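If you're wondering where the values come from, they're calculated on a predicted model, not measured in any experiment. Below, chains carry the letters A, B, ... as their sequence lines are ordered, and counting in each starts from 1. Quick note: numbers below take in every heavy atom, side chains included, and nothing from hydrogens, waters or symmetry partners.
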2 protein chains.
Amino acid sequence: MDRPTDARAAARESRCGDLSVAIADQIRTAILEGRLIEGERLPSEAELAANFGVSRPTVREALKRLAAQNLIRTRRGAAGGAFVRKLSFDDVRAQMQALTTLALSMNAVDFETACEARFALEAAAVPLAAARHGSEHLARMQAEIARQEDPALSDQAFCASDVAFHVALVEAAGNPVLTFQLASAIEAMQPLMNMITYTQRKRAIITSLHRKLHAAIAIEDRERALDVLDRLARYTLEIGEAIRADRANRHAGRGAAAAEGG
Amino acid sequence: MDRPTDARAAARESRCGDLSVAIADQIRTAILEGRLIEGERLPSEAELAANFGVSRPTVREALKRLAAQNLIRTRRGAAGGAFVRKLSFDDVRAQMQALTTLALSMNAVDFETACEARFALEAAAVPLAAARHGSEHLARMQAEIARQEDPALSDQAFCASDVAFHVALVEAAGNPVLTFQLASAIEAMQPLMNMITYTQRKRAIITSLHRKLHAAIAIEDRERALDVLDRLARYTLEIGEAIRADRANRHAGRGAAAAEGG
DNA sequence: TGTCAACTATTGTCTTACAATTGAGGCGCC
DNA sequence: GGCGCCTCAATTGTAAGACAATAGTTGACA
């Protein structure tokens with residue numbers, strides 16, 4: 001099928017150099033266009049090298065690129081090789097989350113912006129969740145609420161439970177596309193939420209709002225759920241603001257102490 | 001700094017095999033933890049190989065993995081090497097779009113589900129866009145509306161303009177995190193929208209709704225904008241439904257014709 | 001002083017070889 | 001004859017060395 005020198009010619013002509021990139025692109029295209037079906041085994045590295053007219057290390061580098069994108073997985077041994085991998089929604093969600101986390105950390109997004117986006121996105125799921133939640137989603141939300149009431153919970157665990165609660169809410173919308181978009185976004189913001197110290201008072205307020213949100217979803221009161229979510233958003237922003245102010249104060253205090261000491 | 005045999009030891013102990021994966025993870029962690037700053041040059045492949053106690057091809061495969069995730073970029077020649085790359089929001093958006101497109105195509109998401117998610121997500125941006133749009137966003141939306149009124153536009157171009165309109169709307173929300181989340185989702189659904197044949201009648205209705213949406217945003221009437229968006233969503237779903245029914249009919253017709261012919 | 005050419009450092013690719021892993025088929029044993 | 005073990009072969013993973021391509025640098029020359 002593939003002309004032996006296609007990749008070479010394409011790479012040389014397109015002047016993009018990097019034979020391995022060209023080969024990776026060709027294989028990727030073949031997968032995306034459906035010429036290679038899920039689970040199908042690619043030719044061995046040696047065969048690919050012969051087909052493309054390049055050496056085995058070059059093919060390997062191309063395969064590594066694809067493996068890094070979870071498009072294939074490789075197995076050693078007899079009957080081993082590279083296999084086309086179907087991206088499950090969960091895989092996509094994990095990759096999206098990693099990407100979002102990366103974006104948030106590398107671009108130093110401030111808490112306010114991230115928080116705004118997070119709750120705005122979640123609001124997109126609320127009407128659908130109110131309309132067609134299943135009992136298992138409500139149960140999961142309820143379970144997380146119960147966990148959040150345990151005063152012995154560490155801040156990290158409380159935050160994780162918070163995320164789990166909201167992911168359950170998003171999944172209650174029953175739309176897989178919405179799920180992986182929103183869940184990845186919410187989970188990606190966990191590191192930012194983790195910087196908060198959750199006092200018992202804050203926990204009580206948050207958990208109470210979670211309970212109200214759960215109740216509103218349960219009785220399919222969309223407006224009420226949106227209202228509670230909005231209150232939760234504003235309270236979270238308030239906490240973030242307080243944390244920032246507190247930190248600024250501490251820095252100022254330390255600076256003043258240093259100045260006095262010196 | 002890095003112990004020479006860290007990667008080897010880690011790989012052997014963790015039993016995950018694949019030295020190149022272990023090395024890639026170590027470098028990735030170094031980047032994410034900020035030990036390697038943006039723009040900084042990594043040691044040359046030979047040095048890395050010596051440091052990690054592995055061969056150069058192994059290091060290269062690790063670097064390919066990172067390059068595939070856009071974490072580094074490499075240059076040849078003197079003063080060349082691998083450089084830590086800052087992921088811009090646009091980079092993330094492009095990657096997210098690619099990922100979403102992949103997810104939609106590989107999981108064969110139906111038009112209805114994708115459409116529902118798309119408009120639900122977009123609704124998340126509308127209140128913010130209404131509250132703090134800039135004149136440039138309104139102008140861009142207006143420009144796309146004007147383009148959509150050209151009857152000579154191809155279906156593909158109309159669809160592209162439609163996407164551009166909604167991306168402008170999302171960007172009007174003025175939240176970069178929201179922007180790359182939503183814009184990638186909207187753009188990823190373009191292939192699905194492209195399967196529609198936009199008759200003049202359909203175009204007139206869609207463009208009219210776009211105009212109403214633009215007007216509502218301009219006067220900062222959030223409720224009205226949401227209402228228009230909802231109408232747009234329902235109309236798009238309607239079109240999708242019609243297309244599906246039409247296709248089913250044609251298939252049935254062809255089947256009948258074939259039966260008659262045979 | 002300006003320009004050009006050789007040099008050098010670095011990545012990209014090729015070649016060959018060996019190690020590790022895993023499935024399969026053959027062999028012996030029960 | 002059936003079952004289990006064992007060797008074998010196919011395949012990927014890793015290694016080492018060499019050459020090609022590229023681009024910045026430096027030195028020589030006009």
Side-chain angles (χ1 to χ4, degrees), chain A residues 4-27 39-68 70-85, chain B residues 4-27 39-68 70-85:
Chain A
T5 53
D6 263 12
R8 293 192 84 99
R12 294 213 194 290
E13 279 189 26
S14 75
R15 227 189 104 33
C16 290
D18 290 22
L19 234 37
S20 66
V21 176
I23 292 174
D25 282 345
Q26 266 194 279
I27 299 178
E40 191 172 343
R41 181 179 169 282
L42 272 68
S44 73
E45 294 177 353
E47 286 179 69
L48 283 174
N51 285 345
F52 285 116
V54 300
S55 71
R56 212 186 123 210
T58 304
V59 167
R60 279 185 65 74
E61 288 185 1
L63 293 179
K64 289 302 162 198
R65 297 188 100 96
L66 299 178
N70 274 323
L71 279 171
I72 61 172
R73 74 174 201 287
T74 58
R75 274 208 322 251
R76 292 217 272 204
F83 296 83
V84 179
R85 173 173 178 171
Chain B
T5 54
D6 263 11
R8 292 193 84 99
R12 295 216 191 290
E13 279 189 26
S14 76
R15 227 189 103 36
C16 290
D18 291 20
L19 274 174
S20 65
V21 176
I23 292 174
D25 282 345
Q26 265 194 280
I27 299 178
E40 191 171 343
R41 181 180 170 281
L42 273 67
S44 73
E45 295 176 354
E47 286 179 69
L48 283 175
N51 285 346
F52 286 115
V54 299
S55 71
R56 213 185 123 213
T58 303
V59 168
R60 278 185 66 74
E61 288 185 0
L63 293 179
K64 288 302 163 199
R65 297 190 102 95
L66 299 178
N70 273 322
L71 279 171
I72 60 171
R73 72 175 202 288
T74 58
R75 274 207 321 250
R76 291 217 273 204
F83 297 84
V84 180
R85 174 175 176 169

> If you check the B:Glu61 side chain, which of C:dG12, D:dT14, D:dT12 turns out closest?
D:dT14
> Grab the CD-C1' distance between B:Glu45 and C:dT10 for me, whole Å please.
8 Å
> How many whole angstroms separate atom CG of A:Leu19 from atom C1' of D:dA20?
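In whole Å, D:dA20 C1' lies 13 Å from A:Leu19 CG.
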> If you find the nucleotide of DNA chain C closest to A:Val59 and the one closest to B:Ser44, which residue's nucleotide is nearer the 5' end?
B:Ser44
> Is the phosphate of D:dG13 approached by B:Thr58 (side-chain N or O, under 4.0 Å from OP1 or OP2)?
no
> Rounded to whole angstrom units, what separation is found between the CD1 atom of A:Ile72 and the C1' atom of D:dT11?
14 Å
> Under 3.5 Å, which protein N or O atoms sit close to an N or O of nucleotides 16-19 of chain C? Give each pair with its distance.
none

> Starting at CZ of A:Phe83 and ending at P of C:dT22, how long is that distance when rounded to a whole Å?
13 Å
> Atom CZ of B:Phe52 and atom C1' of D:dT14: how far apart are they, to the nearest Å?
16 Å
> Give, for atom CG of B:Leu66 and atom CZ of B:Arg85, the distance between the pair rounded to the nearest 0.5 Å.
13.0 Å
> For a quick test of reading the model, state the closest non-hydrogen atom pair linking A:Ile72 to A:Leu63 and the distance between them.
CD1-O, 3.5 Å
> Provide, to the nearest angstrom, the distance between the CZ atom belonging to A:Arg73 and the C1' atom belonging to D:dT12.
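In whole Å, D:dT12 C1' and A:Arg73 CZ are 14 Å from each other.
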> Hey, what are the protein-to-nucleotides 3-9 of chain C N/O distances that come in under 3.5 Å?
from	atom 1	to	atom 2	distance (Å)
C:dA9	N3	B:Ala78	N	3.4

> Quick one: are B:Ile27 and B:Leu71 in side-chain contact, heavy atoms under 4.5 Å?
no
> What are the two closest non-hydrogen atoms of B:Ala62 and B:Ser20, and how far apart are they?
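Reported closest heavy-atom pair: CB-O, 3.4 Å.
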> How would you label the contact of B:Arg75 with the nucleic acid (heavy atoms, under 4.0 Å): base, sugar-phosphate, or nothing?
sugar-phosphate
> Any side-chain heavy-atom pair from B:Arg65 and B:Glu61 closer than 4.5 angstrom?
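Of all side-chain heavy-atom pairs linking B:Glu61 with B:Arg65, none is under 4.5 Å.
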> To the nearest 0.5 Å, what is the distance between CZ (B:Arg41) and OG1 (B:Thr74)?
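B:Arg41 atom CZ to B:Thr74 atom OG1 measures 11.5 Å (nearest 0.5 Å).
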> List for me each residue that meets side chain to side chain donor-acceptor pair (under 3.5 Å) alongside B:Asp25, sequence neighbours excluded, and say none if there are none.
B:Arg28
> How long is the line joining NZ of A:Lys64 and C1' of D:dG13, in whole Å?
7 Å
> Calculate, to the nearest 0.5 Å, the distance between atoms CD and CG belonging to B:Gln26 and B:Leu19 respectively.
10.5 Å
> Reckon B:Ser20 has a side-chain N or O less than 4.0 Å from the OP1 or OP2 of D:dG13?
no
> Return the set of residues passing salt bridge (Lys or Arg N to Asp or Glu O under 4.0 Å) with B:Arg56 (not counting sequence neighbours), or none when no residue passes.
B:Glu45
